[in-house]
Engineer: 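Dropping a structure here in structure tokens format, bear with me for questions.
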Amino acid sequence: MIPFLDLKAINAQYREELITACTRVIDSGWYIAGNALTQFEQEFADYCGTKHAIGVANGLDALVLTLRAWKELGKLKDGDEVIVPANTYIASILAISANDLVPVLVEPELATYNLCPVKTEAAITPKTRAILPVHLYGALADMPAIMDIAERHNLLVLEDAAQAHGAVFDGKKAGNWGHASGFSFYPGKNLGALGDAGAVTTNDDELAETLFALRNYGSHEKYKNLFQGVNSRLDEIQAAMLSVKLKHLDTEIAQRRKVAEAYLKGINNPAVTLPLTLNSSPLTRENHVWHVFVIRCEQREALQQHLLEQGVQTLIHYPIPPHQQQAYPEWNEHSFPMSEQIHQQVLSLPMGPTLSMEDVQKVISAVNGFS
Ligand SMILES: *Cc1c(COP(=O)(O)O)cnc(C)c1O
């Protein structure tokens with residue numbers, strides 16, 4: 001079976017480095033908020049080109065705590081509206097509702113799966129205070145257009161960059177476009193820890209200070225509490241694992257691009273829609289880091305079954321749109337046709353830096369053999 005993602009093979013490449021880094025932490029006797037975290041935060045900020053990176057426990061917390069920080073700083077208040085793509089992973093939306101803010105779902109563009117700037121601007125009301133674009137599947141959202149809208153309407157922008165570490169357009173990386181960005185280092189993400197981890201990046205000193213406190217009981221200084229904070233820390237062992245893996249991220253992105261190029265060139269089944277076409281905009285073509293390679297097919301279930309029989313494991317990102325989830329009953333009767341179509345038709349092919357070209361060819365043949 002060709003696995004969808006071979007995490008074991010990915011981490012096996014760095015086995016010795018990871019063990020050395022882990023051993024260093026074990027022997028240091030210091031396991032929370034120490035040098036390994038500070039070092040990784042510096043390295044990740046440098047990588048993204050931002051002034052700050054603040055490590056937190058996971059990607060959801062990165063988003064939740066950033067919105068929370070903006071509330072503490074008086075930039076957001078209960079009931080403010082935050083625009084978010086209707087087809088995102090549920091975590092982007094959870095972060096908004098967890099802060100008593102109102103998620104306003106906006107349909108994506110079918111060609112990119114990312115937030116549509118025209119529909120975004122049309123969704124702005126007097127209560128809109130922020131936009132939360134998601135770089136879904138590893139492709140940067142149309143950030144030049146979104147930042148332009150945000151400036152004209154005086155809105156905050158929080159990027160959900162959980163799937164797009166290293167995506168870059170016009171020399172600017174994911175995580176350095178908005179006023180702040182949330183990253184996840186969940187093991188299966190392009191930059192993955194060996195457990196849970198996340199980070200916020202920002203160029204805003206005040207926001208960074210607030211986040212450093214919020215993640216640590218609201219405390220800047222031991223036993224002094226500025227805020228009613230939480231415990232959301234990125235521990236030393238995961239920080240050390242991430243410093244090792246960050247060094248290899250660009251190589252891994254290049255390997256993912258090779259797989260994607262082979263799929264784009266090789267798949268020619270007319271029943272299948274590819275994620276990019278030759279006339280896709282440069283923004284989408286050049287920056288994609290291929291967290292997942294998503295195709296569309298009207299007979300998605302039959303295609304998935306066919307691929308399984310051919311020894312190809314696939315996944316669906318995602319099977320149920322957020323507005324149809326039980327968690328948000330108030331949206332269940334709403335209609336988001338584009339998002340619904342996406343959720344009914346998408347299928348993610350095997351993707352990863354260790355996938356062999358031989359296996360890629362097998363996947364291509366299996367997809368092309370479907371009728
Ligand atoms: C993974 C992911 C998150 C949440 O990250 P966790 O570390 O799993 O909490 C948020 N948004 C998107 C788009 C994601 O893919």
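These numbers come from the heavy atoms of this one structure, side chains and all, not from hydrogens, waters or symmetry mates. Keep in mind that this is a model prediction, so the values were computed, not measured. As the structure lists them, so they are numbered: ligands from 1, and atoms in each ligand from 1.
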Engineer: Starting from atom 10 (C) of ligand 1, locate the nearest protein heavy atom and write down its residue, its atom name and how far away it is, to 0.1 Å.
Structural biologist: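 Its nearest protein heavy-atom neighbour is Ala91 CB, 3.4 Å.
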Engineer: Would you kindly say whether Tyr318 and Thr88 are connected by a side-chain donor-acceptor distance under 3.5 Å?
Structural biologist: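 Checked: Tyr318/Thr88 side chains show no N/O donor-acceptor pair below 3.5 Å.
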Engineer: Minimum heavy-atom separation for Ala239 and Phe40, please, with both atom names.
Structural biologist: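 Shortest heavy-atom contact: O-CB, 3.8 Å.
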Engineer: Within a reach of under 6.0 Å around NZ of Lys258, are more than 12 heavy atoms found that belong to other residues, nucleotides or ligands?
Structural biologist: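 Atom NZ in Lys258 is not crowded, with 12 or fewer foreign heavy atoms closer than 6.0 Å.
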Engineer: Which residue owns the protein heavy atom closest to atom 11 (N) of ligand 1, what's the atom, and how far is it?
Structural biologist: Asp160 OD2, 2.7 Å
Engineer: If you take all heavy atoms of His291 and Met351, which pair is closest and at what distance?
Structural biologist: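 In this case the closest contact between His291 and Met351 is O-CG, 4.1 Å.
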Engineer: Checking the N or O distance criterion of under 3.5 Å, is ligand 1 in contact with Gly59?
Structural biologist: yes
Engineer: Give me the residue, atom name and distance of the protein heavy atom closest to atom 2 (C) of ligand 1.
Structural biologist: Lys189 NZ, 2.6 Å
Engineer: What atoms of ligand 1 come closer than 4.0 angstrom to any heavy atom of Ala162?
Structural biologist: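 Atoms satisfying the 4.0 Å criterion: 2 (C), 3 (C), 10 (C), 11 (N), 12 (C), 14 (C), 15 (O).
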Engineer: Considering Ser184, Ala193, Ala164, which one's heavy-atom position lies nearest to atom 8 (O) of ligand 1?
Structural biologist: Ser184
Engineer: Would you please test Val200 and Leu158 for side chain to side chain contact (heavy atoms under 4.5 Å, CB included) and show each step?
Structural biologist: CA-CA 10 Å; Val200 179; Leu158 171 57; 5.7 Å; no
Engineer: Identify the closest protein heavy atom to atom 9 (O) of ligand 1: which residue and atom is it, and at what distance?
Structural biologist: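 Residue, atom and distance for the closest contact: Leu60 N, 2.9 Å.
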Engineer: Strictly by modelled atom types, are Asn368 and Asn268 linked by a side-chain donor-acceptor pair under 3.5 Å?
Structural biologist: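 Checked: Asn368/Asn268 side chains pair up, N/O donor to acceptor below 3.5 Å.
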Engineer: Starting from atom 15 (O) of ligand 1, what is the nearest protein heavy atom, named by residue and atom, and what distance separates them?
Structural biologist: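 For atom 15 (O) of ligand 1, the nearest protein heavy atom is Gln163 NE2, 2.8 Å.
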